[in-house]
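Input: a single structure, listed below in structure tokens.
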There are 4 protein chains.
Amino acid sequence: MLTPGAPKFRRRKADRPGEIVQAAMAVFAEKGFAAARLDEIAARAGVSKGALYLYFETKEDLFRAVVEQVISPNVQAVRALIASHPGPIGDLLRLVPERISVLMDTLPVGGVVKMVIGEAGNFPELARVWHDDLVAHALGALTRAIAAAQARGEVREGDPRMFAIEIISPMLIGVIWREIFVPIGAEPIDVSALARQHMDTMIRALTLPEARP
Amino acid sequence: MLTPGAPKFRRRKADRPGEIVQAAMAVFAEKGFAAARLDEIAARAGVSKGALYLYFETKEDLFRAVVEQVISPNVQAVRALIASHPGPIGDLLRLVPERISVLMDTLPVGGVVKMVIGEAGNFPELARVWHDDLVAHALGALTRAIAAAQARGEVREGDPRMFAIEIISPMLIGVIWREIFVPIGAEPIDVSALARQHMDTMIRALTLPEARP
Amino acid sequence: MLTPGAPKFRRRKADRPGEIVQAAMAVFAEKGFAAARLDEIAARAGVSKGALYLYFETKEDLFRAVVEQVISPNVQAVRALIASHPGPIGDLLRLVPERISVLMDTLPVGGVVKMVIGEAGNFPELARVWHDDLVAHALGALTRAIAAAQARGEVREGDPRMFAIEIISPMLIGVIWREIFVPIGAEPIDVSALARQHMDTMIRALTLPEARP
Amino acid sequence: MLTPGAPKFRRRKADRPGEIVQAAMAVFAEKGFAAARLDEIAARAGVSKGALYLYFETKEDLFRAVVEQVISPNVQAVRALIASHPGPIGDLLRLVPERISVLMDTLPVGGVVKMVIGEAGNFPELARVWHDDLVAHALGALTRAIAAAQARGEVREGDPRMFAIEIISPMLIGVIWREIFVPIGAEPIDVSALARQHMDTMIRALTLPEARP
DNA sequence: TATGAATGAGTGTTCATTCAT
DNA sequence: AATGAATGAACACTCATTCAT
């Protein structure tokens with residue numbers, strides 16, 4: 001092999017672990033934990049299988065790293081969302097479609113959601129991390145915003161946590177749909193359009209007439 | 001065993017395949033396809049591992065049988081639901097909470113949904129069967145009912161398919177929540193109560209004032 | 001493959017575990033634990049690699065089984081030896097050569113000794129089992145016999161445990177020699193002859209003139 | 001590092017290979033060849049794993065170097081021992097305990113013996129080197145000394161090679177014992193004391209009455 | 001039918017060895 | 001000379017599948 005420029009060993013990159021986690025995220029999201037093969041993760045990351053073990057002790061360890069890596073930027077997004085709800089509830093809800101779009105462009109949300117749903121039973125701690133660090137925060141913030149609006153006479157009576165769930169659910173289902181049914185040729189769901197229409201729906205159903213401008 | 005007529009508690013052999021499919025459904029729902037072990041399925045079905053191969057050619061084959069077994073009764077339920085919506089849209093929606101409750105008591109819905117979401121990527125035909133035979137039907141029927149109501153001036157304008165999605169989503173999320181987060185100690189979601197509150201929400205948001213009785 | 005009489009699956013034998021342990025003993029004795037390959041053990045036992053795992057959980061587990069299997073018959077031999085020393089010490093010592101010969105014909109003593117010596121550091125419990133169940137018993141019995149003979153004025157003064165070690169050592173070295181140096185063409189040691197000459201040596205050195213008949 | 005003359009504690013590079021061999025000897029003695037990891041050897045030698053390959057081609061090569069390193073000083077000791085036996089056999093034997101003590105303080109004899117015994121099967125040439133260059137020499141010299149003493153009427157009849165083995169064995173066993181059984185809490189053997197008592201034993205048994213002074 | 005011992009291809013993991021720096 | 005990240009072949013172990021009984 002005299003071809004110059006075809007080195008057997010790649011130069012060591014600064015962010016090997018990051019690249020591996022990216023590749024692993026893709027494969028885990030696609031196949032699930034058990035069906036994912038380290039060979040494929042390594043190939044996609046452009047490294048040898050052995051190299052994975054320079055950065056992660058086991059397959060599980062790598063999976064954990066993926067989950068954490070996915071959660072942390074979202075934690076930021078959630079905090080940002082939480083910080084921006086001073087005004088009337090309608091203003092908050094009208095922000096949601098855009099936020100959702102940004103999130104979906106940033107991360108393979110669908111794959112991640114699929115992964116979490118599919119593996120929660122086999123990795124309870126991961127479900128716990130996911131819930132405690134992300135879902136409960138987001139849901140709690142939205143619930144409190146709604147309760148506050150109820151206290152201000154802006155929103156009609158009803159369980160505020162359930163309202164929050166009602167608000168979020170269609171977008172989640174839209175994301176899952178895209179992951180599950182679009183690949184087999186089902187009619188897509190335009191999640192942004194869905195978000196807009198649903199926010200309109202929720203604003204109409206929640207806000208009291210006397211509070212409307 | 002020479003006593004004639006004695007084997008009172010002899011295992012009934014009538015529905016071996018059915019028992020196996022039941023056991024398999026439980027294990028697949030719990031672990032996902034790849035992580036499920038035939039050993040465990042056989043043990044739960046009370047048969048030997050070899051016996052599985054008397055009724056099913058491969059693990060995949062058994063998985064397919066599970067999916068079909070789960071779908072078919074639901075197809076019936078969906079057809080029944082579709083057949084029963086002659087009147088105003090509100091009447092139809094008010095039926096949903098009860099139907100949901102019955103469904104959830106009949107089947108391990110959560111496990112199945114989890115299974116479908118988790119394995120759709122690895123088994124595209126299964127996603128297709130699930131979509132074509134069940135989801136598309138149900139969603140289509142609901143969409144058509146809403147479109148008809150719009151034509152009657154009962155429901156405000158908006159994409160009827162999205163309305164259908166908005167209607168169904170929270171219950172699905174509730175079911176998934178029960179499967180994913182309740183086992184790790186998260187606060188449960190009362191799916192029935194959620195269904196009632198959400199139907200109220202949707203009726204308020206969808207029906208036009210002039211159409212209300 | 002229509003050739004009859006060439007079954008892919010062997011008939012299940014009554015003593016598969018036993019055969020596997022035999023094969024494993026040979027390979028472990030030859031190579032040591034780490035260098036032994038399960039493939040080879042399986043091949044020598046005439047089974048597939050997977051079959052090993054029907055009977056033993058891990059390679060270590062199999063190794064432990066080998067050590068125990070090797071010890072237990074020896075425990076019997078030692079007890080028998082211990083039981084047979086009523087008379088003067090010379091009578092006891094004159095029994096040793098024959099016992100040694102029998103033992104060496106029964107078991108791959110050399111290989112086992114080699115194995116124990118080579119792996120004691122990596123498997124301390126095994127060294128412990130070997131010592132507690134076998135070596136300490138044998139050495140203790142011999143030591144007590146010598147001490148009793150000293151008390152009777154038969155044997156000259158000196159540390160009886162060291163006398164015991166002096167008595168046994170050459171045979172052990174002979175066995176090790178056979179294992180280590182004979183395969184490379186070194187001059188063999190006739191362990192039986194060595195035992196006879198050494199017993200003569202020890203009887204001469206230990207027994208007091210006045211006690212000699 | 002611009003300060004000239006500053007690196008007072010700069011690692012002396014003079015004897016890298018020697019340091020590596022020392023570290024390797026320790027690890028090989030502890031674990032055996034197959035179970036020894038180059039990582040650990042490098043760490044103990046205070047160099048990187050790659051550095052080993054600057055001095056040794058392969059792991060086997062390093063192992064060979066260790067064996068040779070261990071043998072050569074002993075060859076000297078043996079020659080010295082051989083040179084010093086002009087007089088009566090008793091004088092020679094009375095030198096043994098002290099020689100043994102010196103040897104044991106100089107080298108990890110136990111570990112080395114363990115290593116040789118454990119790996120002789122996997123590295124026949126090593127067994128050969130060990131035998132030809134060391135063991136055969138030492139044993140031969142002792143055998144000849146005994147034969148000469150027999151010719152002089154000093155020592156009673158009997159196979160002189162076996163007498164030599166009888167003489168040496170207990171000390172070897174003592175060394176092995178220290179390596180194998182002491183770490184697990186067994187009662188130690190005082191090799192020096194054993195050597196003294198055993199030499200006494202052998203002198204009594206070998207020398208003829210008429211030859212005693 | 002039914003069993004379960006046995007198989008063997010496949011996967012996670014280790015580690016001696018290599019090479020860009 | 002020296003490093004240590006990277007490689008890849010080798011090995012322990014798993015598990016869907018088969019077949020003698």
Side-chain angles (χ1 to χ4, degrees), chain A residues 7-14 16-17 20 34-42 45-62, chain B residues 11 13 16 33-43 46-63, chain C residues 7-14 16-17 34-42 45-62, chain D residues 11 13 16-17 33-43 46-63:
Chain A
K8 184 177 172 188
F9 282 47
R10 314 276 167 288
R11 73 187 177 289
R12 58 195 124 151
K13 293 213 199 144
R16 266 289 151 77
I20 291 171
R37 296 192 292 106
L38 291 186
D39 273 320
E40 190 179 351
I41 292 174
V47 299
S48 71
K49 205 162 39 153
L52 303 182
Y53 287 84
L54 294 174
Y55 305 103
F56 306 94
E57 307 243 320
T58 63
K59 188 186 183 186
E60 266 196 54
D61 205 48
L62 177 53
Chain B
R11 183 165 194 66
K13 302 196 175 181
R16 271 286 155 82
F33 177 80
R37 295 194 294 107
L38 291 187
D39 271 321
E40 190 178 353
I41 292 173
V47 301
S48 72
K49 204 167 30 158
L52 302 182
Y53 285 83
L54 295 174
Y55 305 104
F56 307 94
E57 305 249 319
T58 65
K59 189 187 185 186
E60 267 195 53
D61 205 47
L62 175 55
F63 185 55
Chain C
K8 183 175 171 190
F9 282 48
R10 315 274 167 289
R11 73 188 176 288
R12 58 196 125 147
K13 293 210 200 150
R16 267 288 151 78
R37 295 192 292 107
L38 291 186
D39 272 321
E40 190 178 351
I41 292 174
V47 300
S48 71
K49 202 164 37 155
L52 303 182
Y53 288 85
L54 294 173
Y55 305 103
F56 306 95
E57 307 242 321
T58 63
K59 189 185 182 185
E60 267 196 53
D61 204 48
L62 176 54
Chain D
R11 183 161 193 69
K13 301 196 176 182
R16 269 287 154 81
F33 178 80
R37 295 194 294 107
L38 291 186
D39 271 319
E40 190 177 352
I41 292 173
V47 300
S48 71
K49 203 165 33 155
L52 302 182
Y53 285 83
L54 296 173
Y55 305 103
F56 306 94
E57 305 249 320
T58 64
K59 188 186 185 186
E60 267 195 53
D61 204 48
L62 176 54
F63 184 57

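Between A/Phe56 atom CZ and F/dA6 atom C1' there is a gap of 15 Å when expressed in whole angstrom units. In this structure, CG of C/Leu52 is placed 13 Å from P of E/dG8, rounded to the nearest angstrom. Put simply, CZ on A/Arg16 is 17 Å from P on F/dG4, counting in whole angstrom units. A straight line from CG of A/Leu62 to C1' of E/dG12 spans 12 Å, rounded to a whole angstrom. Taking atom CG of D/Asp39 as the reference point, atom P of F/dT3 lies 13 Å away to the nearest angstrom. Following rounding to the nearest Å, D/Lys59 (NZ) and E/dT14 (P) show an atom-to-atom distance of 15 Å. One interatomic measurement links the two molecules: CG of D/Leu54 to P of F/dT3, which rounds to 8 Å at whole-angstrom precision. The nearest whole Å value for the distance from the CD1 atom in B/Ile41 to the C1' atom in F/dT17 is 14 Å.
Of all heavy-atom pairs spanning B/Ala34 and A/Ala34, the tightest one is CB-CB, 3.7 Å. Residues D/Tyr53 and D/Thr58 come closest through the heavy atom pair CE2-CA, 4.3 Å. In terms of heavy atoms, A/Ile41 sits closest to A/Ile20 at CG2-O, 4.2 Å.
Residue B/Tyr55 has a polar side-chain atom (N or O) positioned under 4.0 Å from OP1 or OP2 of E/dA2. Contact annotation: D/Lys49 does not reach the phosphate of F/dG4 (side-chain N/O to OP1 or OP2, under 4.0 Å). Contact annotation: D/Arg37 does not reach the phosphate of E/dT14 (side-chain N/O to OP1 or OP2, under 4.0 Å).
If you check E/dA6, E/dA2, F/dA12 against the side chain of B/Ser48, the one that comes closest is E/dA2. The side chain of B/Tyr53 lies closest to F/dT18 when the candidates are F/dT18, F/dG8, E/dT7. Of the candidates E/dA6, E/dT13, E/dT17, the closest approach to any side-chain atom of D/Thr58 belongs to E/dT17.
Separation of atoms CZ (B/Phe33) and NZ (B/Lys59) is listed at 4.5 Å; rounding is to 0.5 Å.
C/Leu38 comes within contact range of the sugar-phosphate backbone alone, with a heavy-atom separation under 4.0 Å but no base atom that close. Across all strands, B/Ala36 comes closer than 4.0 Å only to sugar-phosphate atoms, never to a base (heavy-atom distances).
Base pairing analysis places F/dC15 opposite E/dG8; the two distances defining the Watson-Crick or G-U wobble pair are each below 3.5 Å. Pairing partner, F/dT21: E/dA2, with both Watson-Crick or wobble hydrogen-bond distances short of 3.5 Å.
Checked options C/Asp61, C/Asp39, C/Val47; the residue passing with C/Leu52 is C/Val47 (criterion: side-chain contact (heavy atoms from CB on, under 4.5 Å)).
Between C/Glu57 and D/Ala51, the residue whose closest nucleotide on DNA chain F is further toward the 5' end is D/Ala51. Between C/Ala34 and B/Gly50, the residue whose closest nucleotide on DNA chain F is further toward the 5' end is C/Ala34.
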